[in-house]
Amino acid sequence: MAYTKPIGVAFEDQNINGADVVLADVQLGYTAAAQGTVTQATSKSTAVTLNKPAGRITLNGAALGATTNVSFTLNNSFISANDVLIVTLSGGIATDGTYNCWVNSLSAGSASITLRNISGGSLSEAVIINFAIIHCV
């Protein structure tokens, strides 16, 4: 099916206002214009700002000790207190299975994200975290 009506962050093929269920046979997601990138400036705990509903955060390459957590704030005007923020590791990692990431807390305009080094040694990598907001009204 061809996309028929751009609505900013996605395409609308049917009028889904008031629908109880939205189904997709192929993809449901954000257009390239709705995505962005940001890189941390000085450390893995430095806050970043990216006002897009989806994107990639490249963390600073500073060392993170074995079995150590570091948290940073994502400032984002699209985030509301009722939303769900999905995060996943997507790059900048030399060895799979060396990090975990998760969202600690979320409030209107920001979220706290934690990265944990689960390896047996210190790592100095510019880890990339993808995120997407599921907006809940």
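Reckoned from all heavy atoms, side chains included, excluding hydrogens, waters and symmetry mates.
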Under the criterion side chain to side chain contact (heavy atoms under 4.5 Å, CB included), I'd like the reasoning laid out for Asn69 against Trp102: C-alpha separation, chi angles, the key distance, then a yes or no. CA-CA 11 Å; Asn69 294 353; Trp102 63 89; 4.1 Å; yes
Test log, rule side chain to side chain contact (heavy atoms under 4.5 Å, CB included), inputs Val103 and Val84: CA-CA 9 Å; Val103 177; Val84 175; over 6 Å; no
Could you please spell out the steps behind the side chain to side chain contact (heavy atoms under 4.5 Å, CB included) verdict for Phe72 and Thr114? CA-CA 7 Å; Phe72 66 94; Thr114 295; over 6 Å; no
Could you go through the side chain to side chain contact (heavy atoms under 4.5 Å, CB included) check for Thr88 and Ile86 one step at a time? CA-CA 7 Å; Thr88 187; Ile86 299 170; 5.6 Å; no
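Ile113 places none of its side-chain heavy atoms less than 4.5 Å from the side chain of Phe131. Inter-residue side-chain proximity for Ile133 and Asn76 is flagged as met; some heavy-atom pair is nearer than 4.5 Å.
The shortest non-hydrogen separation linking Asn104 to Ser71 is ND2-OG, 3.3 Å. When every heavy atom of Ala47 is checked against every heavy atom of Asn75, the shortest pair comes out as CB-ND2, 4.0 Å. Nearest heavy-atom pair across Cys136 and Ser80 is O-OG, 4.1 Å.
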Please list every donor-acceptor pair under 3.5 Å in which a side-chain atom of residues 50-64 meets a protein atom from a residue at least two apart or in another chain.
unit_1, atom_1, unit_2, atom_2, d
Asn51, OD1, Ser77, N, 2.6
Asn51, OD1, Ser77, OG, 3.2
Lys52, NZ, Ala33, O, 2.8
Asn60, OD1, Ala62, N, 2.8
Asn60, ND2, Ala41, O, 3.3

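Put simply, the side chain of Thr68 gets close to the backbone of Ala66: a donor and an acceptor are under 3.5 Å apart. Under a 3.5 Å cut-off, the side chain of Arg116 and the backbone N or O of Cys101 do not form any donor-acceptor pair.
Checking Ser119 against Asn117 by side-chain atom types alone, a donor-acceptor pair falls below 3.5 Å. Thr46 and Ser43 share a side-chain donor-acceptor pair at under 3.5 Å.
Rounding to the nearest 0.5 Å places CG of Leu74 at 10.0 Å from OG of Ser112. For the atom pair Leu115 CG and Glu125 CD, the distance stands at 9.5 Å (nearest 0.5 Å). Within the model, atoms OG of Ser45 and CD of Gln40 stand 7.5 Å from one another, a figure rounded to the nearest 0.5 Å.
In the hydrophobic cluster analysis, where Ile, Leu, Val, Met, Phe, Trp and Tyr join through side-chain heavy atoms closer than 4.5 angstrom, Ile128 is grouped apart from Leu85.
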